[in-house]
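Beneath this line is the structure, given in structure tokens, with notes to follow.
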Amino acid sequence: MIDSFLINSEIQKKWIKKFERVEDTFKERAAYNDIHSSFPFKNIEWLVNEGYSLLTLPVEYGGEGATIEDMVVLQSYLGSFDGATALSIGWHLSVVGQLYEQHMWDEAMLKQFAGDIRNGALVNRAVSEADTGSPTRGGRPATHATKTENGYKLNGVKTFTSMSKALTHYIVAAYVDDIEEVGFFLVPREMEGVEIADNWNMVSMRATESHDLVLNDVYVPFENFVEGKRKLQPNGWILHIPSTYLGIAQAARDYAIEFAKQHSPNSIKGTIAELPTVQQNVGKMESLLLSARHFLWSTAKGYQTIDQNPNVWNETSASKILVMNQGLEVIDLAMRIVGAKSLEMDRPLQRYYRDMRAGLHNPPMEDAAYTNIAKSVLGLF
């Protein structure tokens, strides 16, 4: 259970009440989808139909206008039901939130795309490539955009395209030959030459179906060249990532607590909850979760007063690292409480353990985060 006193907006209360209706269903589907590496289409369909995909779209564009804090709280809840569902829809929420908060596109395109979102569009950035690794490390994409008479021709392969089969739009990073810079192109799914490689075969986050996106002579009009070189700004919407993994750690904690309260081997009187060793592990687990949760949520709240708190960029990086490292420890403690049974495939703890590992490779990476925080503190930027 997440502390109810931290729930502080009507948007949060409304969606938590909705989530409670589907909690058991989402949890049941999570196990099947993980085993079969199958995308949670029904979950995403429910979220879109209920309006969750409009969460971070500003009110003036026809959305719900949720804050970063709202998103963090709700993604943590959703992550505790199904990490793959939360991470998948989280990418859409994050992209939309940043696009409209920072007005990254021309106003006409923002208004047009807002209409698409209101009609059920789902979007994610396609930026990673096999040869460059994480785009945050600065590698130049091998995907090329070649100028033509009526627009651009895109060719390349993008990896880790989360929610690939459910997306209606991709924001593709490509090296633009005529200006010799990296740019971003809005590519609708139905465009000729857009293919999904169907090659996602990972031990973690199996149900996100983050297949390769293949672009074979995809022609896009000039207006779909939506982003050029831009100044980096603090992006609180990326906090959807640690929010999801915090939810997974919460789910592991909840499972271990219920197990401890019910498990009663005949070698002891009562349940294992009465054993000092179990109580020590529960105390550690709870303390780690409390500190991670409060740090993450206070970072999200900091974006409401970013003008007075410019160092929130450091807190954003640090919160992801802290949530991941402490979340991994929480799951380890939960598995120690449950014991060898935690490795049984029909129990969710082994899935939580595997899915949590994926977060280590979501941005920002730990080494890059520490380096950037250090440069900020030392005045080396």
Side-chain angles (χ1 to χ4, degrees), residues 56 58 61 68 91-92 94-114 123-162 167 169-188 191 194 213 215 218-241 303 306-307 310-314 316-317 362-365 368-369 371-373 375-376 379-381:
T56 58
Y61 291 93
I68 293 170
W91 286 114
H92 167 85
S94 175
V95 168
V96 171
Q98 185 187 21
L99 282 178
Y100 287 86
E101 179 188 85
Q102 298 181 8
H103 293 276
M104 300 175 76
W105 298 354
D106 290 340
E107 185 61 25
M109 182 61 82
L110 286 174
K111 287 181 178 178
Q112 177 183 316
F113 194 55
V123 65
N124 194 5
R125 290 188 180 273
V127 290
S128 297
E129 295 184 358
D131 291 338
T132 61
S134 172
T136 59
R137 299 195 184 276
R140 194 178 93 177
T143 300
H144 273 248
T146 305
K147 193 173 184 179
T148 67
E149 183 179 353
N150 299 314
Y152 284 89
K153 179 177 67 173
L154 303 180
N155 281 284
V157 179
K158 295 296 183 180
T159 58
F160 296 101
T161 313
S162 294
L167 294 173
H169 295 77
Y170 311 89
I171 302 174
V172 176
Y175 187 74
V176 187
D177 293 333
D178 60 305
I179 61 174
E180 297 183 338
E181 288 181 4
V182 176
F184 292 83
F185 296 81
L186 181 63
V187 179
M191 280 190 164
V194 175
L213 172 68
L215 305 161
V218 177
Y219 286 87
V220 297
F222 286 121
E223 59 265 28
N224 283 42
F225 183 6
V226 288
E227 297 173 41
K229 192 174 183 179
R230 63 185 188 272
K231 180 182 177 182
L232 289 177
Q233 300 181 50
N235 176 22
W237 301 103
I238 202 68
L239 291 174
H240 85 92
I241 295 172
Y303 275 91
I306 191 170
D307 291 339
N311 285 334
V312 73
W313 204 335
N314 287 349
T316 303
S317 296
N362 290 140
M365 308 305 179
T371 297
N372 288 335
I373 291 170
K375 286 181 177 179
S376 173
L380 297 176
F381 270 124

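Sequential numbering from 1 along the given sequence is applied to the chain's residues. Atom set for the values below is all heavy atoms of this structure, side chains included, hydrogens, waters and symmetry mates excluded.
For the pair Leu215/Asn155, no side-chain contact is recorded, criterion being any heavy-atom separation below 4.5 Å from C-beta on.
Closest non-hydrogen pair, Ala130 versus Thr159, comes out as N-CG2, 3.7 Å. Minimum heavy-atom separation, Val226 to Glu223: CG1-O, 3.7 Å. Between Tyr61 and His103 the shortest heavy-atom distance is OH-CE1, 3.6 Å. Residues Val182 and Ala173 come closest through the heavy atom pair CG1-CB, 4.5 Å. Across every non-hydrogen atom of Ala126 and Leu213, the tightest pair is CB-CD2, 3.8 Å. Scanning all heavy atoms of the two residues, the minimum distance from Val176 to Gly183 falls at CG2-N, 3.7 Å.
Annotation: side chain to side chain contact (heavy atoms under 4.5 Å, CB included) contacts of Leu380 (sequence neighbours excluded): Lys375, Leu378. In this structure, Thr148 has no side-chain hydrogen bond (donor to acceptor under 3.5 Å, both in side chains) partners at least two apart in sequence or on a different chain. For Pro188, the side chain to side chain contact (heavy atoms under 4.5 Å, CB included) partners at least two apart in sequence or on another chain are His169, Glu190, Met191, Asn224. By the ring-ring contact (aromatic ring centres under 6.0 Å, His included) test, Phe185 pairs with Tyr152, Phe225, sequence neighbours left out. Residues meeting the side chain to side chain contact (heavy atoms under 4.5 Å, CB included) test with Gln112, sequence neighbours left out: Met109. For Phe160, the side chain to side chain contact (heavy atoms under 4.5 Å, CB included) partners are Ser128, Trp200, Met202, not counting sequence neighbours. For Ser317, there are no side-chain hydrogen bond (donor to acceptor under 3.5 Å, both in side chains) partners at least two apart in sequence or on another chain. Taking Glu101 as the reference, Trp237 meet the side-chain hydrogen bond (donor to acceptor under 3.5 Å, both in side chains) condition, with sequence neighbours excluded. Glu180 pairs by the side-chain hydrogen bond (donor to acceptor under 3.5 Å, both in side chains) definition with nothing, not counting sequence neighbours.
In this structure, Leu167 CG and Thr161 OG1 are separated by 8.0 Å, a value rounded to the nearest 0.5 Å. The distance from atom CD1 of Ile68 to atom NE2 of His240, rounded to the nearest 0.5 Å, is 12.0 Å. Trp105 CH2 to Leu99 CG: the interatomic distance, rounded to the nearest 0.5 Å, is 5.0 Å. We find the OG1-CG distance between Thr146 and Asp177 to be 4.5 Å, quoted to the nearest 0.5 Å. Atom NE2 of His92 and atom OG1 of Thr56 lie 6.0 Å apart (nearest 0.5 Å). For the atom pair Tyr303 OH and Asn235 CG, the distance stands at 6.5 Å (nearest 0.5 Å).
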Report task. In sequence, state the C-alpha distance, the side-chain angles, and the governing distance for Trp91 and Arg125, and then conclude on side chain to side chain contact (heavy atoms under 4.5 Å, CB included). Result -> CA-CA 8 Å; Trp91 286 114; Arg125 290 188 180 273; over 6 Å; no
Query - Audit row: Val218, Tyr170, side chain to side chain contact (heavy atoms under 4.5 Å, CB included) steps and yes/no - result: CA-CA 12 Å; Val218 177; Tyr170 311 89; over 6 Å; no
Requested in this report: Decide yes or no on side chain to side chain contact (heavy atoms under 4.5 Å, CB included) for Phe184 and Val127, but give the supporting numbers first.
Outcome: CA-CA 9 Å; Phe184 292 83; Val127 290; 3.6 Å; yes
Query - Verdict with supporting geometry, Val96 and Val123, side chain to side chain contact (heavy atoms under 4.5 Å, CB included) - result: CA-CA 8 Å; Val96 171; Val123 65; 4.0 Å; yes
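Judged by distance alone, with hydrogens and angles left aside, the side-chain atoms of Tyr100 form a donor-acceptor pair with the main-chain N or O of Leu110 at under 3.5 Å. A donor-acceptor distance shorter than 3.5 angstrom exists from the side chain of Glu129 to the backbone of Thr143, with no hydrogens or angles considered. With hydrogens and angles ignored, the 3.5 Å screen pairs no side-chain donor or acceptor of Gln233 with any backbone N or O of Gln102. In this structure, the side chain of Ser376 does not engage the main chain of Asn372 through any donor-acceptor pair within 3.5 Å.
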